[in-house]
2 protein chains.
Amino acid sequence: MTTAAPSSRALAHPTRDEIRLESVLHALADPMRLRVVRELAEEGENSELSCSHFVLPVTKSTTTHHFRVLRESGVIRQIYRGTAKMSVLRRADLDVLFPGLLDSVLAAAARQDDRLGDGGSEGAGGLGG
Amino acid sequence: MTTAAPSSRALAHPTRDEIRLESVLHALADPMRLRVVRELAEEGENSELSCSHFVLPVTKSTTTHHFRVLRESGVIRQIYRGTAKMSVLRRADLDVLFPGLLDSVLAAAARQDDRLGDGGSEGAGGLGG
DNA sequence: GTCCTCGTACGATAGGCATCGTAGTACGGC
DNA sequence: GCCGTACTACGATGCCTATCGTACGAGGAC
């Protein structure tokens with residue numbers, strides 16, 4: 001699957017067999033990371049989003065850290081594309097390993113947001129940076 | 001549901017509305033706690049198991065800590081019954097808040113155990129791709 | 001070639017947490 | 001009343017982690 005120029009920089013990912021449920025749950029338990037995963041899921045299975053696409057209320061360093069946790073736990077796949085680093089949800093792998101888990105978590109997150117009125121207008125906290 | 005005297009000691013539990021997805025995921029992300037939850041689930045919805053029923057490779061202090069995390073995150077309900085402290089899975093509440101989530105996690109855990117040969121001594125068989 | 005943008009690496013820091021040991025409380029049996 | 005069992009509370013400890021700031025490398029724009 002040599003798509004275009006993968007650059008010389010490669011990133012280490014766990015194989016499907018190396019993905020652990022505990023690590024996935026831990027990765028999803030963080031609000032920032034859950035937010036990233038939800039956004040990736042909403043974009044579609046094959047959508048690649050750059051790190052800079054996400055506007056998180058933390059610095060770039062911290063964002064890098066969160067993406068690393070997601071990648072090393074097997075939740076997302078990351079590839080370099082020019083100066084940008086694209087992230088894709090590993091939905092297929094996760095669905096094979098843990099059928100229904102990702103959908104349940106995503107649905108639960110959406111439901112909770114709806115219940116708490118988080119998706120509306122009030123932001124409660126300024127996204128100052 | 002006669003259940004005799006509930007003792008005077010009461011334990012604080014989050015109401016259904018107070019249960020947060022992040023807290024539940026965090027609670028389930030720990031191997032010890034996931035083990036407890038799985039055992040509770042296998043016993044049936046209304047089964048009460050005492051803390052001492054669980055044989056965990058940690059001290060009683062640590063066991064108490066884990067049960068507290070599970071209780072405060074809303075995953076289990078605990079009541080005193082004599083000197084024993086019984087634990088019950090809050091399956092109904094969780095199913096209302098996050099439909100399918102608990103089942104997905106339990107199924108995923110069972111599947112992973114099976115895949116890794118945790119239940120017995122068979123050498124890590126299916127190394128798919 | 002030079003500069004700018006994107007993201008990384010490294011160090012530092014503060015807080016959380018899993019773990020232990022010990023001392024203490026509640027309840028039931030004798 | 002006394003003791004044993006079941007569990008708790010508290011303090012200590014060491015690791016993990018979420019966060020930041022700064023310095024740095026890679027790749028594209030001009």
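In what follows, chains are A, B, ... by sequence order, proteins preceding strands, each numbered from 1.
Between A:His65 atom NE2 and D:dT19 atom P there is a gap of 7 Å when expressed in whole angstrom units. Distance B:Asp30 CG to D:dC15 P: 18 Å, rounded to the nearest Å. The interatomic distance linking B:Phe67 (CZ) with D:dA9 (P) rounds to 15 Å, in whole Å. Protein atom CD of A:Gln78 is 13 Å distant from nucleotide atom C1' of C:dC6, rounded to whole Å. What separates CD of A:Glu72 from P of C:dT8 is a distance of 12 Å, to the nearest Å. Summarising the geometry, the separation between CG on B:Leu70 and C1' on C:dA18 is reported as 13 Å, rounded to the nearest angstrom. At whole-Å resolution of the value, CD1 in A:Ile79 and P in C:dC6 are 18 Å apart. What separates CE of A:Met86 from C1' of C:dT8 is a distance of 18 Å, to the nearest Å.
The side chain of A:Arg81 contributes no N or O atom lying less than 4.0 Å from OP1 or OP2 of C:dC6. Regarding contacts with the backbone of C:dG16, every side-chain N or O of B:His26 stays at 4.0 angstrom or more from both OP1 and OP2. Side-chain nitrogen and oxygen atoms of B:His66 include at least one within less than 4.0 Å of the OP1 or OP2 phosphate oxygen of C:dT19. Contact annotation: A:His53 does not reach the phosphate of C:dC6 (side-chain N/O to OP1 or OP2, under 4.0 Å). Between A:Thr83 and the phosphate of C:dG7, there is no side-chain N or O to OP1/OP2 separation shorter than 4.0 Å. A sub-4.0 Å separation between OP1 or OP2 of D:dC7 and a side-chain N or O of B:Arg68 is absent. Of the side-chain N and O atoms in B:Thr59, one or more sit less than 4.0 angstrom from OP1 or OP2 of C:dC20.
Under the 4.0 Å criterion applied to side-chain N and carboxylate O atoms, A:Asp93 and A:Arg77 are assigned as salt-bridge partners. Using a 4.0 Å cut-off between charged side-chain N and carboxylate O, A:Arg91 and A:Asp103 make a salt bridge. Using a cut-off of 4.0 Å between Lys/Arg side-chain N and Asp/Glu carboxylate O, A:Asp17 and B:Arg115 are scored as salt-bridged.
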Quick one: do B:Leu56 and B:Arg35 satisfy side chain to side chain contact (heavy atoms under 4.5 Å, CB included)? Show the steps, please.
CA-CA 9 Å; B:Leu56 301 177; B:Arg35 191 162 150 177; 3.8 Å; yes
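Side-chain N/O atoms of B:His13 and B:Gln78 include no donor and acceptor closer than 3.5 Å. Donor-acceptor pairing under 3.5 Å is lacking for the side chains of A:Ser61 and A:Thr64.
Across C:dC6, D:dT19, D:dC7, the shortest atom-to-atom separation from the side chain of A:Ser52 is found for C:dC6. If you check D:dC20, C:dC20, C:dA18 against the side chain of B:Thr62, the one that comes closest is C:dC20. Of the listed nucleotides (C:dC6, D:dC20, D:dA6), C:dC6 has the atom at the smallest distance from the side chain of A:Lys60. Side chain of A:Cys51, nearest nucleotide from D:dT17, D:dC7, C:dG7: C:dG7. You'll find that the side chain of A:Tyr80 is closest to C:dG7, out of C:dC20, C:dG7, D:dA6. Distance from the side chain of B:Ser50 is smallest to D:dC7 among C:dT8, D:dC7, D:dA18.
Residues A:Thr63 and B:Pro57 each lie close to DNA chain C; by heavy-atom proximity, the contact nearer the 5' end of the strand is made by A:Thr63.
Between the side chain of A:Ser61 and the base of C:dT8, no donor-acceptor pair under 3.5 Å is found.
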